[in-house]
2 protein chains.
Amino acid sequence: MTSIKDVAKLAKVAPSTVSLVLNHKGYVSEITRKKVEEAVAKLSYVPSEMARNLSLNRTNMIGVIVPEISHPFFATFIREVEVELYRRGYKTMVCSTVQKANAEHAFVNMLRRQTMDGIIMGAHSLELDIYDGLSHPIVAFDRFINENIPIVHADHQSGGRLAAKAFLPHRCHHIVQIMGAREVLTPANAHHEAFIETLTEAGTRVDTLEMAWNAFDPIDFLQTAEQLFNKYPDVDGIFGPDLAICSCMRVAAQRGIRVPENLKLVAYDGTYITRMGQQVITAVVQPIGHLAYMAAEKITSWVNGRPGEKLYALPVTLQEGDTC
Amino acid sequence: MTSIKDVAKLAKVAPSTVSLVLNHKGYVSEITRKKVEEAVAKLSYVPSEMARNLSLNRTNMIGVIVPEISHPFFATFIREVEVELYRRGYKTMVCSTVQKANAEHAFVNMLRRQTMDGIIMGAHSLELDIYDGLSHPIVAFDRFINENIPIVHADHQSGGRLAAKAFLPHRCHHIVQIMGAREVLTPANAHHEAFIETLTEAGTRVDTLEMAWNAFDPIDFLQTAEQLFNKYPDVDGIFGPDLAICSCMRVAAQRGIRVPENLKLVAYDGTYITRMGQQVITAVVQPIGHLAYMAAEKITSWVNGRPGEKLYALPVTLQEGDTC
DNA sequence: GTGAAAGCGCTAACAG
DNA sequence: CTGTTAGCGCTTTCAC
C-alpha cells in the first residue's frame, strides 16, 4: 500500500507537508504544492480513511436503524436521509431490525465502538434500556426513547384530525382503524386518539384493530384485512397505514365491495404506493423529505457539538384521492 | 476515552493480553482472563473500531450502490443483502446514485480509501472507465462492468421466454414492451430479446418503448404509460417492469380498458408491489433473495481472498396473477 | 513555509 | 501463558 511517506519521499518533503497539501490546510508554497501534487498523481496515491479516522477520532458515518428497509415509508426515508447526509459530508450505514435478532443492540454497540459518529434511530424494538447510559449523538425518528434523545416526527395529532375530517362529510356509520402495537412508544399513536376523538364527537362508531409490533410483511396486512371484514361485516370506512389500506382494497374487491361507493378508505403515511394502484388512495401524507432533512440536520449538528434547538412536529398534508 | 491501556493498567497485565482476551485468541489463563474481564466491566470499556480497522487493515464494511434505494426492487435487494452481510459479520453502507451528481465516483473512491472492504455495484450510471485500474473487490449486480468483475444476475433469457409464454395462449395481436435504456449495459436486456423472439415466431406484433436510463420515479412510469396508450391505441398486451405495469393498469382503468379482458399485462421483476393492488399482477419474478445471497457470498469471499467460482444465472419464476 | 516527533488505540511478532 | 516492542497511516503541535 502506498502511504503518505512514499509521497513525501518522492516529493522530497515531509509527510506533514503532504498532509497539509491534501487537506488544504495552512500555508504551503506554490512550488512545494506542485511537487506534492505531482507525486500524488505519479503514485496514484489515495489516503487511507482508516488512519485518518483514527487520527481525527471520527468516521463521518451516520447509522440509520429502521425496522424494515424495504417498507415504502422507511425506504423513502432512507433515500432522503442518505442524500441529506451525503450533502453534509457523511456516509450512511443502514440496519434493519426485523428478521435479525438483537440487531438494534449490536448497532448501538457500534456507536460505542465509534464505528459511526451518530445514529438516527427509527426501529420499533421494545428494549429501551440499552440507551440509558449513552451520551453519544442519537436522534430518534418518530419514536420516544428517553428525555435526552431529541425526536423528529410529523404532527400526528393533526394527521389524525385530517383523516377524520376526510371521513366526516360522507357520514359513515362504522369506521374501523388499523393501528400498530400500542406497546411501541411512538408519537404516531397520537393520530389514533385524535382520529377517534374527532369522529366520536360527530357520533360515528369507531373500532380499532391492533396489529403486532413487528408486522411489516405484506402478508401480515392481508391477514389483518381479512380479519377486519370478517369481524366487522358492516364496516363502511377504514383508516390505517398505507399497506393495510392497500390490502383492504384488495379484499374489498374480492368480496365485491365497491370503493368509494360502499366503503371509504383513508391511508396514513401517503407513500408512493398510494399512487401506484388503479385508484389514488386518499391519504394523510407524512412529510418524509422534511423529516429526513431534520433528522440529518439534527444528528450532524449534534456530532459537531452544536446543541440543536428544540424539535417541533412537522406538518402533514392530505392527499386527495379516489377512495374517500 | 478509556483505552486498552487503561484496562491493562487496572488489570495489571499488558495491553496485548487484554487484546487476546477481547478477541478470544491464543491461550490466556483463566485467572488473568477474569482479571481482564473485570477491569473491562468496571471501566465499561469498549474497544475502538477505528484503531482496530487501522491495525487489521479492514473495516468489515461492504458498500452497496443502487440507482434508487426506495425502488421496490432495490429496496428489497438491499434488505436481503444487508441481512446476508450481517450474518457474515459485515456492515452495509448504501448509496443511491440518482439525484446525486457523481455519487458513483465518490463511492468507488471510498473503496480506494479503504473505507469499505468491497462493494456490490448495482447502479446504472454510464461511466465504466472509473473501474478500469481497480483491483479491489467488486461484485456487479445485474450489470456488466468489465471482464474482471464477476456479476450476479437472474436468468433473464428464460425470464423473457416465460413472459412470452404467458401471453401466447391469449393470442394477442399487438403487444408492447417497455424497456430500460439500451445504453445501460445489463444482462437484463436479454429478456427483451428472448421475449420478442418468442412472440414474433408465433406471429405476434411486438413494439418496444424505451425509457430513459435514469427513470425511476413513479411519475416517469405514469408518463410512459400515457404515451404508450396514445401511440398504440390498439395495444392488447403489455410487458414491462413492475412499476410501469402498475402505471399501465391505472391509465387503462382511467380509459375504461378492462384488464385482463381487453388488455393482458405481465410485469417483470415481481416485487411485492405486484401483490399490493386489487389484482395480483402476473409477473416474472426475479429471485431477489437468491441474488442477494450470491452477491453477499461473492463479495465476502473475495474480500477474504478466496477467488470464487464462476457465476451462473439464477432461475426466475412465473407468478400467476389476475392480469394475463 | 516546512520538518521532526509524538500520538490516535489497537494488533502481532517474538521473546522469555 | 504473558510482556515488550514495533508498527498500521495519518494529523498536529512546535521548533527552526
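Small disclaimer: the values here were computed from a predicted structure and weren't measured.
Using a 4.0 Å heavy-atom cutoff across all strands shown, A:Asn23 reaches sugar-phosphate atoms only and no base atom. Within 4.0 Å of B:Leu56, counting heavy atoms only, lie sugar-phosphate atoms of the nucleic acid but no base atom. Among the protein residues, A:Ser19 comes within range of the nucleic acid bases, having at least one heavy atom under 4.0 Å from a base atom.
The main-chain N or O of B:Asp142 is found under 3.5 Å from a side-chain atom of B:Thr186 such that the two form a donor-acceptor pair. Side-chain atoms of B:Glu68 come within 3.5 Å of backbone atoms of B:Ser70 as a donor-acceptor pair (strictly under, hydrogens ignored).
Using cut-offs of 30° and 60° on the angle between ring planes, the pair A:Phe74 and A:His124 is perpendicular.
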Measure all distances between protein nitrogen or oxygen atoms and nitrogen or oxygen atoms of nucleotides 3-7 of chain C, and list the pairs falling under 3.5 Å.
unit_1 : atom_1 : unit_2  : atom_2 : d
C:dG3  : OP2    : A:Ala14 : N      : 2.8
C:dG3  : OP2    : A:Thr17 : OG1    : 2.8
C:dG3  : N7     : A:Ser16 : OG     : 3.2
C:dA4  : N6     : A:Ser16 : OG     : 3.2
C:dG7  : N2     : A:Ser55 : OG     : 3.2

Please list, for nucleotides 14-16 of chain C, all pairs of protein and nucleotide N/O atoms separated by less than 3.5 Å.
none

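Proximity of B:Arg52 to the phosphate of C:dG9: no side-chain N or O atom is located under 4.0 Å from OP1 or OP2. In terms of phosphate contacts, A:Lys25 brings a side-chain nitrogen or oxygen within less than 4.0 Å of OP1 or OP2 of D:dT12.
The side chain of A:Ala51 sits closest to D:dC10 out of D:dC10, C:dG1, C:dG9. Considering only the side chain of A:Ile4, D:dT11 comes nearest among D:dT12, C:dC10, D:dT11.
Considering only residues two or more places apart in sequence or on other chains, B:Val83 meets the side-chain contact (heavy atoms from CB on, under 4.5 Å) condition with A:Gln99, A:Lys100, B:Arg87.
Taking atom CD of residue B:Glu49 and atom C1' of nucleotide C:dC8, one finds them 15 Å apart after rounding to whole Å. As a whole-Å value, the separation of A:Met1 CE from D:dG7 C1' is 17 Å.
Of the charged side-chain nitrogens involved, at least one lies within less than 4.0 Å of a carboxylate oxygen, so that B:Lys34 and B:Glu30 count as a salt-bridged pair.
Both cation-pi conditions hold for A:Arg88 and A:Tyr293: the charged atom is under 6.0 angstrom from the six-membered ring centre and inside a 45 degree cone around its axis.
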Q: Would you sort out whether B:Met116 and B:Ile62 count as a side-chain contact (heavy atoms from CB on, under 4.5 Å), showing the intermediate values?
A: CA-CA 5 Å; B:Met116 334 175 261; B:Ile62 300 292; over 6 Å; no
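B:Ile138 has its side chain out of reach of B:Val108: every pair of non-hydrogen atoms, C-beta onward, lies at least 4.5 Å apart.
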